[in-house]
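Keep in mind that what you see is a predicted model, and the values were worked out from it rather than measured. All chains are named by letter (A, B, ...) in the order of the sequence lines, taking the proteins before the strands, and each is independently numbered beginning at 1.
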Amino acid sequence: MQTTFPRLLLEQARLRPRDTAMREKKYGIWQVTSWADMAQLVEALACGLHQAGIVRGEHVVVVGANRPRLYATMLALQSLGAVPVPLYQDAVATECIFPINNAEVRFAIVEDQEQVDKMLEIRDRCPQLTHIYYDDPRGMRNYEEPGLHALDELVASGGVFATGHPGFFREQIELGEPEDVASLFFTSGTTGNPKGVVHTHANLIDRARAGIAFDRLTAQEEVLAYLPPAWIGQSIFSYAQWLVAGYVVNCPESSGTVTIDMNEVGPTYYFAPPRVFEGLLTNVMIRMEDAGAIKRAMFHYFMKVARRVGPAKMSGRPVGLSDRLLYALGNVLVYRPLRNSLGMSRIRVAYTAGEAIGPDLFTFYRSLGINLKQLYGQTETAVFVCLQPDDQAQADTVGVPCDGVEIKLSEDGEVLVRSPGLLKGYYKDPKATAEVLTEDGWYRTNDAGIIDAQGHLRIIDRVKDVGRLKGGPYDGALFAPKYVENKLKFFSYIKEAVAFGDQREKVCVMINIDFEAVGNWAERRGMPYAGYTDLAQKPQVYELILECVEKVNADLSEDAMLAGSQISRFLVLHKELDADDGELTRTNKVRRGFIGDKYRVLVDALYEGRSEQFIETQVKFEDGRTTTVSATLKIGDARTFSTMKGAA
Amino acid sequence: MSKKIGDVILDVQNISLRFGGVKALTDISFNVREREIRSIIGPNGAGKSSMLNCINGVYQPQEGSIVFRGQTFSQMNSRQVAEMGIARTFQNLALFKGMSVVDNIMTGRNLRIKSNLFMQAIRNPFGIGGAQREEEQHREFVEHIIDFLEIQAYRKTPVGQLSYGLQKRVDLGRALAMEPKVLLLDEPMAGMNLEEKQDMSRFILDVNDEFGTTVVLIEHDMGVVMDISDRVVVLDYGRKIGDGTPEEVRSNDEVIRAYLGTTN
C-alpha cells in the first residue's frame, strides 16, 4: 500500500497512541513523547507553519542534532506538502549557502544559538531566507533580528489555530501523494557544488519496508539516533523506518553522552560506521590492559575461544559439545558483561557501512554474539541495496541484493542498481541526473565491485580510481588501489598506505607506520628510538611491515581478479602524511595524485629498483611555521605469490 | 545588546589588611554595581585574593567596612556571607575529589536544604516527612546547572578524574547552586588552554546575562579581562592604582608601568 510519512504518523497514533514514539534525555531523565503526543505536536507545528506562510512544494532547511521537535518539524512540513532539507549541523556557515539558494529556501528551522548564528551570518548572501525558528532558547534572549522566532511561539500559535480549524491538519495530509517529493538530501560532491538528491515518500517508504522485512524488525525495537539527521542513513533509521515500524527512537542528551546514553537505552537495532566500532574496541583493549592479571588472562583466554567458536555459532553452523560448553562459560564470565558495558546487550541487528571494516574488528563483535552485519547503499539509493543475511555475514562483502533490488556489473566493473528506492533526480541538475541514471532505469553507483560465487557483492574501490597494470606478468589486470591500501591498514602497525600501479607493470606502495602501535611494539622489545622519523627507519620496523605486506600479498593471490595487485616493492615513509601538508583530505583520505607528485623521487626509486633513496621534505606546523625533515629510505622487494586459480 | 547595570550592590570602603607587619591591603575602596562584571587585576602578590577573602569573610580586615545591599559590615563572616547571597570559586579548587560531579554541586545547595537531620534520617520513598521530595527538587536544580554548564557526560564521574578545566567548571557549578546574587571568581581561567578559556568566558557572560548575577572576577589573562569586564580595579602592592572601564585602565600610565610593562 502506498502512503506518505504524515499518514504513517496518523496510523501509528491510532494503533498505539500511548506507546512511546521518542525519548530524549533532558535534565538527566529520559523524557517520553508518545505517538499521540507526537501527532499533536506535529499538528500544532503544521498549523503554525501554515500560518507563517509555508506553501506546498517549498523547501525548508532543518539544521540540528537529533531532537524530537526537529523530527516533528519535518513531519509537519511534509504534512503541508513542503519539503524538509536537512543540513549537517557541523557544516560551516558558508557551506549552507549553496543548498539554501539552490533550493530557494525561505524558512530555516534550527536547533540552537549556534545554528541561528550561522543562518544570520549568511543571510546577506541568501536574501530570500526571511524566517528563522530555533528550538532551544538558550542564549537567545538578546537577539532582535527580524524574522527570528522561537519554535515555542510557532507551537503555541499553531495549537490555537488547530483548535479553531479541527479538520485542517488531516485535510492537508490527505492532499499529499506518495509520489510527492518527501525530502531533499544534499550530498557533498568531491568536486563542485553539493547535489540535492530528490526522494519521494514512495521511494523512502519502500526502502524502509524492505529493510524492515529483511531483518524482521518490529515495533519493539529501540534505536539510538546519534548520527547527523542530514545523513540519509540516520533519516532512514530514525525517521522512515521509525514511522513504518512504529518503534522507539532515543535522542541522546548531547554528543558527549552518546556512550552513556547507549548503555542506558540498550538499543536493539544499531548502526555505526567502522570507526565507531574500532574506537569501542580500542577502549575495551586499553581497559583490559589496565585490569588485574586474572581478569586479563580470563579475557584473553575466552576471547580466543570466542574467535574460534563464535562466528560459527552466529552463522548457525554446528559446533562441538566441548566448545559449546566453553563458549557458554565464556558468555557468563566475559561476553555478556562486555556486551553490557558496550551497551550492546540487547542488539538483535547491528549494521556497519560506509567504508571497509577490518576482518579482525568484524570478527571481534560477531564472536561476542553481537549480530554485526554489513550493508551497501548510497544517498541516491535511499540506503538499502545489499544486506547480509544473519548467517552470511563476512568482513569483505556487503551482502546480497535485498527485496526489489537488481544489481549488475558494467563492463568496467561498475556496480549498477535498479530499485524502487532510486532517486528521482538531482535537484535542478538534469545533466548530473543523466550521468547517473541510464535510460532503462539503472543507477550508476560509481563503485567498482565484484559479485562472488554466493551472489554477494564485494566493493573494491571507486570506479575512477581503479586502474590497469600495463606490461609485466599481469598485463591489463585490474588494479584497485584502495582495496590494497585498506588491506594494509587493517594491520594496527600501518596507519596509511598509498598504492601506485595504474599504467605500470607492478604495484608499489608507500607506507606510514602507526606511531603509537609501532612505538609500543618497539618499547616492548627494548628498542630505543628518537621520534617518528627515527622509528620509521629502523630495519626491524621494515621487517615488521614486510611481514604485513607479504600477508596481504598471500591474501590477494587467492583472488584471480586481484592477484595482479600484489605489492612488489614498498618503502616506509619518514614523515606522517598530514592534511596540513595537503597529503590527506580533511576527512583523512590519501590524495594519491598529490602524493605521487610530491614524492616523485620516491616513486621513481620504487620503480627503478633502487635499494634506497634520500628525501628531504618540508613540514608545516599548525601555527604556520615550517621545517624540513630528511632521511634515506630503504626500499625492498616483497614476496609475491602465484595465483591459485590462474590469472585473470 | 545592552544589559541593565543597576545600583551599587557591594561597596568596599577603605579596607586595610595586615598580617603582622606585612601590609596586604592598604586603604582600598571600590564598588560593584548590580549585574556588572567587575574585575580585579594586578601582578602576583598585589592583594587580589586577599581582597576577595575580605569580601568573603575568610580574612577580617583591620580597618574599613563593606556595604552589601545597604547593610554595613566591619567584618564579614563566611557563613553569613553565603547566606546573604555571595558565592565564590577558588583559585586552587576546593572540590571533594572523591565525590561525583552531581554530589559536589549538590553541596552548593546545602544552605537551602530545609529538612533537618532527623527528617533526612527518616527519608523514605513514600515522601513521609518531605525530605525525599525536597531532595528531588534540589537534584532538579542541580540538573539545570549541569545542563547550563554542559557537563552531562560527567554527572557520575568522580571530580578527581576530570581535567582541570572541567573541575573549574564544576567549581563554578557548585557556586551557582547557591543561586548567588554576587559571584566571586578567583582566577577562573588559570591554567586553562585557549579553548577552555573561551568556554569559561562564555559561561561567565551567560551567568551574568541570563541570571542577572553580579560577577567579581580576579584574572591574570588580560585579554579575557578586557573582553568581558564592565569595569576593572587594578591593585599593586596592596594599593589601588587604577579603576575604570577596560579602555580607561588600559591607558592609565601607572597601570601600564606596574602591570603591563613599559618599554623605556
Colleague: If you round to the nearest 0.5 Å, how far is CD of B/Gln152 from CD1 of A/Ile260?
Modeller: 9.5 Å
Colleague: Only heavy atoms, only distances under 4.5 angstrom. Which residues in residues 132-140 of chain A are near chain B?
Modeller: A/Arg138, A/Gly139
Colleague: Has A/Tyr365 got more than 12 heavy atoms of other residues, nucleotides or ligands less than 6.0 Å from its OH?
Modeller: yes
Colleague: Count the heavy atoms of every other residue, nucleotide or ligand shown that sit under 6.0 Å from CZ of A/Arg287, and state whether that count exceeds 12.
Modeller: no
Colleague: Is it the case that atom CZ in A/Arg275 sees more than 12 heavy atoms from other parts of the structure closer than 6.0 Å?
Modeller: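 Counting other residues, nucleotides and ligands, CZ of A/Arg275 stays at 12 neighbours or fewer.
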Colleague: How about residues 140-150 of chain B versus chain A: which residues have heavy atoms under 4.5 Å apart?
Modeller: B/Glu143, B/His144, B/Asp147, B/Phe148, B/Glu150
Colleague: Might you confirm whether atom CG of B/Asp7 has over 12 heavy atoms from other residues, nucleotides or ligands at distances under 6.0 Å?
Modeller: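 Result for CG/B/Asp7: open.
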Colleague: Heavy-atom count around B/Glu247 CD within 6.0 Å, excluding the residue itself: above 12?
Modeller: yes
Colleague: Enumerate the residue pairs fulfilling salt bridge (charged side-chain N to carboxylate O under 4.0 Å, His left out) with a member in residues 179-188 of chain B, sequence neighbours excluded, ordered by first and then second residue.
Modeller: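 For residues 179-188 of chain B, and leaving out neighbouring residues, the salt bridge (charged side-chain N to carboxylate O under 4.0 Å, His left out) pairs sorted by first residue read B/Arg88-B/Asp186, B/Arg109-B/Glu179, B/Arg112-B/Glu179.
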Colleague: For a quick test of reading the model, state the closest non-hydrogen atom pair linking B/Ala153 to A/Gly256 and the distance between them.
Modeller: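 Looking at all heavy atoms of both residues, the shortest contact is CB-O, 3.5 Å.
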Colleague: A/Phe271: which residues meet the ring pair (Phe, Tyr, Trp, His ring centres under 6.0 Å) condition with it, sequence neighbours left out?
Modeller: A/Trp231, A/Phe237
Colleague: Can you tell me if NZ on A/Lys295 sees more than 12 non-hydrogen neighbours from other groups inside 6.0 Å?
Modeller: no
